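Contents: one structure, followed by commentary.
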Protein chains: 2
Amino acid sequence: MALPQKNKIETLRVIAHPVRFRILDELAKGVKCVSDFEDFLGISQPNVSQHLALLRNHGIIDYYMDGRLRCYFLVDPIVPDILDVLKKEYTGTLPAPACCPVTKKGKYPGDRTN
Amino acid sequence: MALPQKNKIETLRVIAHPVRFRILDELAKGVKCVSDFEDFLGISQPNVSQHLALLRNHGIIDYYMDGRLRCYFLVDPIVPDILDVLKKEYTGTLPAPACCPVTKKGKYPGDRTN
DNA sequence: ACACAACATTCAAATATCCTTATATATTTT
DNA sequence: AAAATATATAAGGATATTTGAATGTTGTGT
């Protein structure tokens, strides 16, 4: 695939928030309702609902009604993959570009493709 | 691993911007300097530099000097993994939670762990 | 029908992000 | 040394995000 749609970058942005990330991490383990998050996250109920609404409006999560509870669950399949990457342990950095030692001075070496 | 550090979520947030994402996608192909991006992205030089500075300050990229060019390259190994996930094609959604059909009404079924 | 419980929505204020314009710095060229 | 090139930084306003406070909605039990 070429560049991902603006859509997906938007999704990434929505995921990249401390509270929402924890919400998604919890939902990856199973269904939760709003009051569960209220306890778990230690933030106000309206704030929980606001974050859930944002996630919902981006098609990242959905819910079903169970009595007066709203049971939220994951919908967007990108979420588990992002969670995996964020939890992966990385050691060290990517290798520096081979063609151009970090200390080198001088003319730019050509077509800049590597 | 448990929850990823605030650090990584910060990194994700920085990546999750249309311009910066394109910058990283280009850097994944090879070294580029500021004026390359200016042409490629079609935005002003200061704006390019600002995005590069942000990525730099988060340890996501670095550069070496080559004459008066600054040759940028990737440093954070999370970047290729995020690029992969964002470019992955997803079909459909995650399966709805098995224990709780979407249409179900009634008492909440227990401990909410799945 | 009434009261309560679970949750959503609205509004406003604080803060953060983003981009533009202007200016500064460093390196090379002349 | 002066001019030009490549890039960085600073300052500012516009816009977006985030959160708290107040209020609205819907379903349940009595």
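This is a predicted model, so every value here is computed, not measured. All chains are named by letter (A, B, ...) in the order of the sequence lines, taking the proteins before the strands, and each is independently numbered beginning at 1.
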task: Step by step, work out the side-chain hydrogen bond (donor to acceptor under 3.5 Å, both in side chains) result for Arg56(B) and Tyr72(B).
output: CA-CA 9 Å; Arg56(B) 232 171 41 220; Tyr72(B) 280 91; 2.8 Å; yes
Glu38(A) atom CD is separated from dA8(C) atom P, nearest whole Å, by 11 Å
| query | Any side-chain N or O of Arg56(B) under 4.0 Å from OP1/OP2 of dT9(D)? | reply | yes
- Query: Side chains of Phe40(A) and Arg22(A): closer than 4.5 Å at any heavy-atom pair?
  - Reply: yes
OP1 or OP2 of dA16(D) versus the side-chain N and O atoms of Arg13(A): is any pair under 4.0 Å?
no
Between OH of Tyr63(B) and C1' of dA8(D) the distance, given in whole Å, is 9 Å
TODO: Flag the pair Lys88(B) and Asp81(A) as a salt bridge only when some basic side-chain nitrogen lies within less than 4.0 angstrom of an acidic carboxylate oxygen.
DONE: yes
Asp36(A) CG to dA5(C) P, in whole Å, measures 17 Å
Heavy atoms, side chains only, cut-off 4.5 Å: are Thr11(A) and Leu86(B) in contact? no
Whole-Å distance, Lys32(A) NZ to dA6(C) P, equals 17 Å
Between Leu54(A) and Ala53(B), whichever has its closest DNA chain D nucleotide further toward 5' is Ala53(B)
- Task: Would you indicate whether the side-chain heavy atoms of Phe73(B) and Ile61(B) approach each other to under 4.5 Å?
- Result: no
Paired with Val48(B), the side-chain contact (heavy atoms from CB on, under 4.5 Å) test is passed by just one of Ile43(B), Asp36(B), Asp39(B), Val19(B), namely Ile43(B)
Between the CG atom in Leu69(A) and the NZ atom in Lys32(A), the distance rounded to the nearest 0.5 Å is 13.0 Å
When rounded to whole Å, the CG to P distance for the pair Leu69(B) and dA4(D) reads 19 Å
note: Ile23(A), atom CD1; dT19(D), atom P; distance rounded to Å ~ 10 Å
_Lys87(A) and Lys8(B), any side-chain heavy atoms less than 4.5 Å apart_ = no
Determine: side-chain N/O of Ser35(A) to OP1/OP2 of dC7(C), distance under 4.0 Å, yes or no.
yes
**Distance test, side-chain N/O of His17(B) to OP1/OP2 of dC18(C), below 4.0 Å** = yes
Report task. Please check the phosphate of dA8(D) (OP1 and OP2 only) for any side-chain N or O of Tyr72(B) closer than 4.0 Å. Result -> yes
Tyr64(A) atom OH is separated from dT26(D) atom C1', nearest whole Å, by 18 Å
When rounded to whole Å, the CG to P distance for the pair Asp39(A) and dA5(C) reads 15 Å
* Asked: Does dC18(C) have OP1 or OP2 sitting under 4.0 Å from an N or O in the side chain of His51(B)?
  -> no
Overall bend of the helix from dA1(C)-dT30(D) to dT30(C)-dA1(D) (five pairs an end, 10° steps) is 20°
Review point. Between Val31(B) and Leu27(B), is any pair of side-chain heavy atoms under 4.5 Å apart?
Key: no
Close N or O pairs between protein and nucleotides 20-26 of chain C (under 3.5 Å):
| unit_1 | atom_1 | unit_2 | atom_2 | d |
| --- | --- | --- | --- | --- |
| dT20(C) | O4 | Gln50(B) | NE2 | 2.7 |

CD1 (Ile60(B)) and CD (Glu10(B)) are apart, to the nearest 0.5 Å, by 9.0 Å
